[in-house]
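Report on the following structure.
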Amino acid sequence: MGLKSSEKRTRRRPKQRRAVETVNAVLDTVIRILKREGFAALTTNRIAEVAGVSIGSLYQYFPDKQAIFAALHKRHIDEIDHLLAATLMEHAGSPLDRLMRALVEAMVDAHTQDPELYELLAATVPHRAAGTRDFAIRLHGAFLHAISSRLKKPKKRRELEKTAFIVTHMVESLSHGVVLRRPPGLSLAEAKEEAARAVLAYLRA
């Protein structure tokens, strides 16, 4: 009986791997079509054709295009989440200024890996706000903890919440600007440094 149970478990794993591989293949295909052919070319038939899966298999994982867009955004947000979590862990004992510089750099780096894709996701692909809102809440919580645990003088909760709110949106907006709207002549390293200086100047004010 134990052997049969073990066999069942090993039979499930390839199916799960295949499911993950199929989902990732579909999402990678959506990115390729977006870059090469534009948003208008994103039909479920075209996605299935380029991904090399049947339309039935596509609908098995994604009931409609909105579900595909939501998954694409979720994968992007998960990648940023992972990078920020690693940064927070790496700098758990760092002072506030070093941590903030590291977080700004991490946010910028998360989007410079594929700026074309990031711009497409931000400007072209429709998505539900839930995933983005959840990420904003987690990001706010991370900054709130980082600030409150490093202040020399304790602040009231309301003041901390306000400060974390401003810092969160400063980092997000500045990171997006560095990646998508950096002027000619301003290097990526210089832009990161200026963004970090702006955040730290607010925190020190």
Side-chain angles (χ1 to χ4, degrees), residues 1-90 103 105-142 168 171-173 175-181:
M1 186 174 291
L3 181 59
K4 289 182 179 178
S5 176
S6 175
E7 285 174 349
K8 285 181 181 178
R9 285 198 298 271
T10 56
R11 278 199 296 269
R12 281 195 206 105
R13 287 194 194 106
K15 291 181 180 178
Q16 291 170 352
R17 281 202 299 273
R18 283 199 296 273
V20 172
E21 288 167 2
T22 300
V23 166
N24 283 327
V26 169
L27 297 182
D28 290 341
T29 295
V30 170
I31 293 168
R32 287 200 301 273
I33 295 173
L34 272 173
K35 289 181 176 181
R36 295 174 184 174
E37 304 174 37
F39 182 75
L42 275 179
T43 64
T44 50
N45 284 327
R46 180 62 177 151
I47 293 168
E49 176 191 356
V50 177
V53 300
S54 68
I55 193 68
S57 294
L58 181 69
Y59 283 129
Q60 181 182 352
Y61 298 108
F62 302 104
D64 51 35
K65 282 201 297 183
Q66 185 62 51
I68 297 175
F69 300 148
L72 196 59
H73 275 277
K74 184 180 183 303
R75 188 170 75 168
H76 176 64
I77 288 171
D78 285 348
E79 289 169 356
I80 299 174
D81 255 347
H82 177 75
L83 187 57
L84 288 176
T87 303
L88 287 167
M89 186 176 296
E90 182 183 350
L103 287 171
E105 187 156 338
M107 283 287 285
V108 173
D109 288 347
H111 296 105
T112 52
Q113 294 172 12
D114 193 342
E116 183 185 1
L117 170 61
Y118 170 60
E119 190 165 17
L120 286 167
L121 287 173
T124 308
V125 179
H127 65 286
R128 295 185 179 95
T132 304
R133 184 173 58 248
D134 291 344
F135 171 69
I137 291 170
R138 292 194 300 275
L139 189 60
H140 173 86
T168 300
V171 171
E172 278 199 290
S173 297
S175 299
H176 298 170
V178 167
V179 176
L180 299 178
R181 292 178 288 278

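Between A25 and A51, the closest heavy-atom pair is O-CB, 4.3 Å. The minimum heavy-atom distance between I68 and V30, with the atom names listed, is CG2-CG2, 3.5 Å. Taking all atoms of both residues into account, the shortest heavy-atom contact from A71 to F62 is CB-CE2, 3.7 Å. When all heavy atoms are compared, the tightest approach of F39 to L34 is CA-CD2, 3.9 Å. Between S175 and M107, the closest heavy-atom pair is OG-CB, 3.2 Å.
Of the inter-residue distances, the one linking R46 atom CZ with I33 atom CD1 reads 5.5 Å to the nearest 0.5 angstrom. One distance of note links CG of L88 with CG of L83; it measures 10.0 Å at 0.5 Å rounding. Atom OG1 of T168 is separated from atom CD1 of I137 by 11.5 Å, given to the nearest 0.5 angstrom. Within the model, atoms CD of Q60 and CD1 of I55 stand 12.5 Å from one another, a figure rounded to the nearest 0.5 Å. Here the straight-line distance linking atom CG of L72 with atom CG of L27 works out to 5.5 Å at 0.5 Å rounding. Considering CG of L58 and NZ of K65, their distance stands at 11.0 Å, rounded to 0.5 Å.
For K35, the salt bridge (charged side-chain N to carboxylate O under 4.0 Å, His left out) partners at least two apart in sequence or on another chain are D114. With sequence neighbours excluded, the residues forming a side chain to side chain donor-acceptor pair (under 3.5 Å) with R75 are N24, D28, listed by chain and number.
R36 CZ: 12 or fewer foreign heavy atoms inside a 6.0 Å radius.
At a threshold of 4.5 Å between non-hydrogen side-chain atoms, the residues F69 and L42 count as touching.
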